[in-house]
Enquirer: 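The structure's right below; bear with me while I get my questions together.
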Amino acid sequence: MTVRDDFRQEVERRVREALRSLGCDAAFEVEAPSTGVADLAVPCFTLAKELRKAPQAIAEELRGLVPCEGPICAVESVNGYLNFFIDQDVLVRETLKEICEQGGDYGRLPFKGVKVNVEHTSINPTGPIHVGRARNPIIGDTLARCLERCGYEVETEYYVNDVGKQVVLLTWGMGNVPAGDALETEKADHRLVHHYRAANKMMEEDEAVRDEIAAMLQRFEEGDEEVISTVREAVEVMLGGLRQTLDRINVSLDRYTWESQFIADGSAKEVVERLKRSPYCGEEGGAHYLELKDFGIHGKNTRFTFTRRDGTTLYTTRDLAYHLDKFRRADRAVDVLGEDQKLGSQQLIAALEILGCGTKPEPMFYSFVSLPEGKMSTRRGTVVHLDDLVEEAVSRAYEEVRKRREDLSEERMREIAEVVGVGAVRYNIARVQPEKKMVFRWEDAMNFDGNSAPFLQYSHARACSILRKAGDFAPAVDESLLTDEYERRLVAALSLFPEVMRECGENKRIHMLPSYGHELASAFNQFYAAVPVLSSGELRDARLTLVDCCRVVLRSTIETLGLVALEEM
RNA sequence: GGGCGCGUGGCCUAGCCAGGAUAUGGCGGCAGCCUCCUAAGCUGCAAGUCAGGGGUUCGAAUCCCCUCGCGCUCGCCA
């Protein structure tokens, strides 16, 4: 329970009591005014009917009935609103005390004992990750970090597609097409995509190749172990390249689950058998489908086909087996998916219901990234690879560091540039709501000013710098020594952290975190510019304590975003 | 055509789920600030039909309906 929670409860209790004394039991809202005219407010308009009085009069009357006690230091009546102000001394004292005691655990919720599986990335292993798909690992990884801070036991997972025509084609290409202009030194994913593209082209142009691939696919479907393991090996190599990219942006998955597993262990077939017994099942020419028009699926085709004519399973059938498997391992399953998966996900959920699965996956969709000139297209070669974006961001960050820090060693400058460049890229993706479409622009993607990762990292480095110069000091929480308006505003920002964290994790709204980080860093930078710390005499220890608390919360914010909190930059 | 999502100053974006007071920030623009803890910073100014229309309500960026624009989707592909 934070000071702010306590304050809100107190406001609710006092208003309820005041209303009761007027013989009114009506419900009321407690809201945080957007304009900052108060810390909390109760609009009295809804009470007007019940009390048969003007809202203004009600607010006036309630004001006289609510005592200023505990965390409530003032109550005002303005335009039909009952405005409440939190006692600044209490806020400063309790917030800083909590941060000093809990350190990096400030804002962390107690362990819930609930397992959440977060499936993210799951990119088809046929080529390097491009910036459109990059939303997936960044959203997924950030969400996982938020959930973890909210007390969940989190496992992240990549569902590897090693089944089907695309990966067969890749495998065929690796065995039958020369690498062409691919360099041995290239990352595996960039090297292998040459084979994939060449194989694609050959298949389109050459009927013999088409037949060869069809035969290979046929053998795969029949469970030919040699083909299956060759494909798996090819995908492993590709995946190695993808993992390097993910590592670089500080994303690591706890688990990789292979799609072929659900064919091999018979669980996909079992799903087929169970679905065939469902009353929603139909058949056409040997292919089986579910009729899902009773499950909220609209459109001209409400059929969801789960076997081919020859009885083999389809992607979504395997995905069903996969989700049943996930629910054996976790209490909740979050799927981070591109918006093109919306219908598929809906069908999946309906089919799981038909299978009697009591828990539903929680899909989280993100919209696609386009280029100013239109859609990204592998075919037209207009994709921007995440590797290139990161490389470019890091090299720009390096120029920035070199410009201002001639004193640092080359190695240190490289380290800082890496962390700043990667951070900028992650931040600029994490800061926008997943469902909003993004247009990729280099200058936005690598933004280092204002609402950006470097802004947060810089504030953190500044705090560290002050603390470094201060040396040893006696930490002291003394609200009577922190009365400057910049100090108070900074503490107010710090006190918001727990509820922001809750919002990010519990409601899966991770884009609130960058926005909060900017608010906190901004409050710190304003404080930094206006309030001296090291030369502040008897206020020094109190201010150093505040700076240290700020350092702690900035760091938690930065790290929950999957970025690195630098001590200098 | 049906379904789903999005539309907020020149550009990007918060607020929408749980309607409430003068709509949040950033970029860019203009004008200032380093004899003081890192100027990747700070201060100020200009800039808005919250896509358009209707409805519900004491009150709508927020809820409902219609229209327009954009994206995704409607495979025995994955």
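Naming convention: chains lettered A, B, ... in sequence-line order (proteins, then strands); numbering from 1 in each chain. Small disclaimer: the values here were computed from a predicted structure and weren't measured.
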Enquirer: To the nearest Å, how far apart are K293(A) NZ and C74(B) C1'?
Expert: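 From K293(A) NZ to C74(B) C1': 16 Å.
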Enquirer: Starting at the 5' end of RNA chain B, which residue's closest nucleotide do you reach first, V78(A) or A529(A)?
Expert: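 The residue closer to the strand's 5' end, by nearest nucleotide, is V78(A).
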Enquirer: Nearest whole Å is fine: how far is G71(B) P from L343(A) CG?
Expert: 19 Å
Enquirer: When both hydrogen-bonding distances must be under 3.5 Å and the geometry is Watson-Crick or G-U wobble, what is C34(B) paired with, if anything?
Expert: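 The answer is none; no pair meets the criterion.
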Enquirer: Please measure how far the C1' atom in C63(B) lies from the corresponding atom in G15(B), and state the result in whole Å.
Expert: 15 Å
Enquirer: Between F262(A) and T257(A), is there a side-chain heavy-atom distance shorter than 4.5 Å?
Expert: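 In contact.
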Enquirer: Find the distance R318(A):CZ to C76(B):P and express it as a whole number of Å.
Expert: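 To the nearest whole Å, that distance equals 14 Å.
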Enquirer: Both distances below 3.5 Å, Watson-Crick or wobble geometry, any strand: find the nucleotide opposite C77(B).
Expert: none
Enquirer: For C72(B), what is the paired nucleotide under Watson-Crick or G-U wobble rules, both distances under 3.5 Å?
Expert: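 Pairing partner: G3(B).
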Enquirer: Please report, rounded to the nearest Å, how far the P atom of U73(B) is from the CD atom of E339(A).
Expert: 8 Å
Enquirer: RNA chain B: R431(A) or E503(A), which has the more 5' nearest nucleotide?
Expert: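 First, find each residue's nearest nucleotide; the 5'-ward one identifies R431(A).
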Enquirer: F473(A) ring centre to R540(A) NZ or CZ under 6.0 Å, with the angle to the axis within 45°?
Expert: no
Enquirer: Tell which nucleotide pairs with U56(B), taking only Watson-Crick or G-U wobble pairs whose two distances are both under 3.5 angstrom.
Expert: none
Enquirer: To the nearest Å, give me how far apart CE (M438(A)) and P (U13(B)) are.
Expert: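 After rounding, the reported distance stands at 7 Å.
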Enquirer: Would you call F45(A) stacked on G20(B), i.e. ring centres under 5.5 Å apart with the planes less than 30° off parallel?
Expert: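 One would call F45(A) stacked on the G20(B) base.
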Enquirer: Quickly work out the L371(A) CG to C70(B) C1' distance and round it to whole Å.
Expert: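 After rounding, the gap between these two atoms is 16 Å.
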Enquirer: Taking the side chain of H511(A) as its heavy atoms from C-beta onward, which of C76(B), G20(B), A14(B) lies nearest to it?
Expert: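 From the listed options, A14(B) comes nearest.
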Enquirer: Ring stacking, Y81(A) with base of A21(B), under 5.5 Å and under 30°?
Expert: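 By the stated criterion, Y81(A) and A21(B) stack.
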Enquirer: Got a donor-acceptor pair under 3.5 Å from the side chain of N451(A) to the base of A14(B)?
Expert: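 A donor-acceptor contact between them is absent.
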Enquirer: Measure from CG on L496(A) to C1' on U24(B) and round the result to the nearest Å.
Expert: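 Computing the L496(A):CG to U24(B):C1' distance gives 14 Å.
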Enquirer: May I ask which nucleotide in the shown strands pairs with C45(B), Watson-Crick or G-U wobble, both distances under 3.5 Å?
Expert: G29(B)
Enquirer: Return the nearest nucleotide to the side chain of Y315(A); candidates are C42(B), G7(B), A78(B).
Expert: A78(B)
Enquirer: Suppose we call a contact any N or O donor and acceptor under 3.5 Å apart; does that hold for the side chain of K437(A) and the base of C72(B)?
Expert: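 Counting by modelled atom types and ignoring angles, no donor-acceptor contact under 3.5 Å is found here.
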Enquirer: Round to the nearest Å and state the distance from D444(A) atom CG to C27(B) atom P.
Expert: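 D444(A) atom CG is separated from C27(B) atom P by 12 Å.
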Enquirer: My understanding is that only one of H120(A), Q341(A), H323(A) makes a side chain to side chain donor-acceptor pair (under 3.5 Å) with D335(A); could you say which?
Expert: H323(A)
